[in-house]
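Structure record follows, encoded as structure tokens.
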Amino acid sequence: HVAAALKKDTVALFGPTKIKEWHPWQTRYRLIDARDYGSLLDPDAVNTATQERYLKNIPVAPVIAAVEELLHS
């Protein structure tokens, strides 16, 4: 939210969430969805008290590629 308020380019990593409701705005951004790399719970079924970390499904390479794309465009 701070990046959007400051109009800074953003690479946003999403786990089980409603991306269309929570994606960055007012800035250039790239979204990386953990669902593209493994199965996830429905966003409404997530127990926020769990120790499970859903972003661990995301490999480093797509994140670096997204950062490089924003830096060089």
Side-chain angles (χ1 to χ4, degrees):
H1 302 293
V2 173
L6 297 174
K7 298 186 178 176
K8 298 296 180 184
D9 293 346
T10 303
V11 174
L13 309 182
F14 282 93
T17 193
K18 297 175 182 177
I19 293 175
K20 291 184 180 188
E21 292 179 29
W22 296 106
H23 68 78
W25 51 279
Q26 295 187 356
T27 186
R28 295 181 327 144
Y29 61 88
R30 300 296 177 269
L31 301 178
I32 300 179
D33 188 348
R35 279 177 274 245
D36 293 339
Y37 304 99
S39 61
L40 291 179
L41 300 171
D42 179 270
D44 293 326
V46 173
N47 172 2
T48 57
T50 185
Q51 294 297 312
E52 181 67 30
R53 298 296 171 241
Y54 302 104
L55 295 181
K56 69 183 179 185
N57 292 346
I58 300 173
V60 173
V63 178
I64 292 171
V67 169
E68 288 178 346
E69 181 182 348
L70 285 173
L71 287 173
H72 300 293
S73 61

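Positions are given from 1 along the sequence.
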(message) As a test of understanding, state which of Glu69, Arg28, Arg30 forms a side-chain contact (heavy atoms from CB on, under 4.5 Å) with Asp9.
(response) Arg28
Which value, rounded to the nearest 0.5 Å, describes the distance between [X] atom [atom1] and [Y] atom [atom2]?
X: Leu41; Y: Tyr54; atom1: CG; atom2: OH; answer: 4.0 Å
X: Gln26; Y: Thr10; atom1: CD; atom2: OG1; answer: 11.0 Å
X: Ile32; Y: Ile58; atom1: CD1; atom2: CD1; answer: 6.5 Å

Which heavy atom in [X] sits nearest to a heavy atom in [Y], and how many Å separate them?
X: Phe14; Y: Trp22; result: CZ-O, 3.6 Å
X: Lys7; Y: Thr27; result: C-OG1, 3.7 Å
X: Thr50; Y: Asn47; result: CG2-O, 2.9 Å
X: Tyr29; Y: His23; result: OH-ND1, 3.4 Å
X: Arg35; Y: Pro16; result: NH1-CA, 4.3 Å

(request) Flag the pair Pro24 / Leu31 as yes when at least one side-chain heavy-atom distance between them is below 4.5 Å, and no otherwise. (result) yes
(request) Side-chain contact test, heavy atoms from C-beta onward, threshold under 4.5 Å: evaluate it for Thr17 versus Ile19 and give yes or no. (result) yes
(request) Answer with yes or no whether the hydrophobic clustering places Val63 together with Leu71; edges join I, L, V, M, F, W, Y residues whose side-chain heavy atoms lie under 4.5 Å apart. (result) yes
(message) In this structure, would Val60 and Leu13 fall into the same cluster of hydrophobic residues linked by side-chain contacts under 4.5 Å?
(response) no
